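The structure displayed is predicted, hence computed values, not measured ones.
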Amino acid sequence: MKFRALLAVSLFASLVHNAAADVALDHAPLPPDIQAGSWVLMDYTTGQVLTAHNEHVQRNPASLTKLMTGYVVDRAIDSKKISPDDIVTVGPDAWAKGNPVFDGSSLMFLKAGDKVSVHDLSRGLIVDSGNDACVALADYVAGGQREFVAMMNHYVDKLGMHDTHFETVHGLDAPGQHSTAWDLALLSRAIIHGEPDFYHMYSEKSLTWNGITQQNRNGLLWDKSLNVDGLKTGHTATAGFNIIASGVYGNRRLIAVVMGGESSKGREEQARKLLNWGRQNFDTVQILTKGQRFGTEKIWYGDAETVDVGADQDFWMVLPKSELSHVKARYILDNAELEAPMVDHQRIGEIELHDRDKVIARWPLVTLAKVDKGGIFSRFSDFIHKTL
């Protein structure tokens, strides 16, 4: 194998949506002390988890369930099955009056027979955390709550949420309903990556409906230093206090999930600690750019003397700020010599990312052009040069 020096990590790049390699760093900063049952801090761009605890332990999601309810509605809009402007006639099952299921729970305060747009019901679901709005949307999108829950669990499988199962459209306690901090971080990432207009509703601080004004329960939306623009809170006696908060810092975004917090303010403080730790200690950087030339290699018996080599995809990664100066990359050729013919983007080796003396990630090294066989005279000339 032949080694080539490649590049130092660039610190400046624009945001794109890509998966990153699995990274284990020996010199990552110590995470903060978090008081909760489980938590995850995820980088949105790469999906890397910066710190986590009990992240795969199944817990009661409470109203964090509504994230999936909103996601299913957004997918129905995206597929043109419904429109945000569609008018929904609220059924009696979405009316809290005389419905013991809704006693003491969060509501948009709909009434049977009300005519409400899908857009406004979605705002009621997100801002008011309205259980009645969830039922009204489920009836309209799927024809009933049971059918809608089946759609929710379909997307659970599609998103790879392996430790999640839903039994309700709203998150009130139900046997068999559970999720994890890891799975809910995956779902939050998918929501943010969906339709920007839909995600914007998660940043709304209040909603007035039928003369009733309610405040968004995500208190971090008011913290100007944190730049949080979503997502959701949840609480029941069995779940404890849950929160998912996402903040934007320059060209990067972080997602903090806290489950089983001790109080409403306590869950906010734990999420705040995670977000501040992440933005103070890490950078999201572009390591590789698709089609960018990293080197030029001699090629034998071809219609060209050399071929440019590089990566076949964009790759982003989260790295500790303290380690950026120690992170370097180089590439390794599978064979010491390259011979034509070669197709464009043919794998010829591997790109390695090193933090000090440790390899922390690997990607394929490919040719950036097609090289055909050369003519008989050029091939004979190469043969002579190789045998001298």
Enquirer: Assess the side chains of Thr233 and Arg217: does a donor N or O sit below 3.5 Å from an acceptor N or O?
Expert: no
Enquirer: Would the distance check show the side chain of Thr69 and the main-chain N or O of Val169 forming a donor-acceptor pair, the cut-off being under 3.5 Å?
Expert: yes
Enquirer: Say whether Ser63 and Lys66, considering side chains only, have a donor N or O and an acceptor N or O under 3.5 Å apart.
Expert: yes
Enquirer: Does a salt bridge link Lys290 with Asp312, judged by any charged N lying under 4.0 Å from a carboxylate O?
Expert: no
Enquirer: So which pairs with a foot in residues 173-185 pass side-chain hydrogen bond (donor to acceptor under 3.5 Å, both in side chains), sequence neighbours left out?
Expert: Asn60-Asp173, Thr164-Ser179, Thr164-Asp183, Thr168-Gln177, Asp173-Thr236, Asp173-Thr238
Enquirer: Would you say Ile87 ends up clustered with Ile82 if hydrophobic residues are merged whenever their side chains have heavy atoms under 4.5 Å apart, either directly or through other cluster members?
Expert: no
Enquirer: Check the angle between the aromatic planes of Trp277 and Phe282 and answer parallel, tilted or perpendicular using the 30° and 60° thresholds.
Expert: perpendicular
Enquirer: Between His53 and Glu55, do the side chains contain an N or O donor and an N or O acceptor separated by less than 3.5 Å?
Expert: no
Enquirer: Distance from Leu207 atom CG to Ile126 atom CD1, nearest 0.5 Å?
Expert: 10.5 Å
Enquirer: Would you mind telling me which of Asp229, Asn227, Thr45 makes a side chain to side chain donor-acceptor pair (under 3.5 Å) with Arg253?
Expert: Asp229
Enquirer: Do the side chains of Arg362 and Val359 get nearer than 4.5 Å, heavy atoms only?
Expert: yes
Enquirer: So Tyr202 and Ile191, do their side chains get closer than 4.5 Å, heavy atoms only?
Expert: yes
Enquirer: Any side-chain donor-acceptor pair under 3.5 Å between Asp43 and Thr284?
Expert: yes
Enquirer: I'd like to check Met201 versus Ser122 (side-chain heavy atoms, cut-off strictly below 4.5 Å). Are they in contact?
Expert: yes
Enquirer: Quick one: side-chain hydrogen bond (donor to acceptor under 3.5 Å, both in side chains) pairs with a partner in residues 148-162, sequence neighbours left out?
Expert: none
Enquirer: Is the backbone N or O of Glu337 less than 3.5 Å from a side-chain atom of Asn335, with the two atoms forming a donor-acceptor pair by type?
Expert: no
Enquirer: Hey, are Tyr249 and Gln280 close enough side-chain-wise for a donor-acceptor pair under 3.5 Å?
Expert: no
Enquirer: So which heavy atom on Val40 is nearest to which on Ala52, and how close?
Expert: CG2-CB, 3.9 Å
Enquirer: Does any part of the side chain of Ile192, heavy atoms only, come nearer than 4.5 Å to the side chain of Ile255, both counted from C-beta?
Expert: yes
Enquirer: Is a donor from one side chain sitting under 3.5 angstrom from an acceptor on the other, for Lys232 and Ser129?
Expert: yes
Enquirer: Among pairs that include at least one residue of residues 210-229, which meet ring-ring contact (aromatic ring centres under 6.0 Å, His included), considering only residues two or more places apart or in two chains?
Expert: none
Enquirer: What's the separation between atom CD in Glu269 and atom CD1 in Ile243, rounded to the nearest 0.5 Å?
Expert: 11.0 Å
Enquirer: Answer whether the closest heavy-atom distance between the side chains of Val307 and Leu368 falls below 4.5 Å.
Expert: no
Enquirer: If you take all heavy atoms of Asn218 and Leu231, which pair is closest and at what distance?
Expert: ND2-N, 3.7 Å
Enquirer: Which heavy atom in Met259 sits nearest to a heavy atom in Ala181, and how many Å separate them?
Expert: SD-N, 3.4 Å
Enquirer: Do Asp33 and Gln35 have side-chain N/O donor and acceptor atoms under 3.5 Å apart?
Expert: yes
Enquirer: Taking all non-hydrogen atoms of both residues, which atom of Pro61 and which atom of Asn242 are closest, and how far apart?
Expert: O-ND2, 3.2 Å
Enquirer: Dump the intermediate steps for salt bridge (charged side-chain N to carboxylate O under 4.0 Å, His left out) on Arg123 and Asp120, then the final yes or no.
Expert: CA-CA 5 Å; Arg123 294 177 68 213; Asp120 284 338; 3.7 Å; yes
Enquirer: Please walk me through it: do Trp209 and Phe109 pass ring pair (Phe, Tyr, Trp, His ring centres under 6.0 Å)?
Expert: CA-CA 8 Å; Trp209 186 259; Phe109 295 106; over 10 Å; no
Enquirer: Determine, for Asp114 against Lys111, whether the closest basic-nitrogen to carboxylate-oxygen distance falls under 4.0 angstrom.
Expert: no
Enquirer: Can you confirm if the NZ or CZ of Arg146 lies within 45° of the ring axis of Phe148 and under 6.0 Å from the centre of its six-membered ring?
Expert: no
Enquirer: Might you work through the salt bridge (charged side-chain N to carboxylate O under 4.0 Å, His left out) test for Asp223 and Arg272, ending with a clear yes or no?
Expert: CA-CA 9 Å; Asp223 187 338; Arg272 181 182 287 109; 2.9 Å; yes
Enquirer: Is the closest basic N to carboxylate O distance between Lys298 and Glu305 below 4.0 Å?
Expert: no
Enquirer: Can we say Glu262 and Arg267 salt-bridge, meaning some charged N sits less than 4.0 Å from an Asp/Glu carboxylate O?
Expert: no
Enquirer: Check whether any side-chain heavy atom of Val116 sits under 4.5 Å from a side-chain heavy atom of Val90, and report yes or no.
Expert: yes
Enquirer: Does any donor atom in the side chain of Tyr140 or Asp86 lie under 3.5 Å from an acceptor atom in the other side chain?
Expert: yes
Enquirer: Looking only at heavy atoms, what is the nearest atom pair of Ser117 and Pro84, with distance?
Expert: CB-O, 3.8 Å
Enquirer: Counting C-beta onward and ignoring hydrogens, is there a side-chain heavy-atom pair between Phe198 and Asp78 closer than 4.5 Å?
Expert: no
Enquirer: Is the closest side-chain heavy-atom distance between Tyr199 and Ser246 below 4.5 Å?
Expert: yes
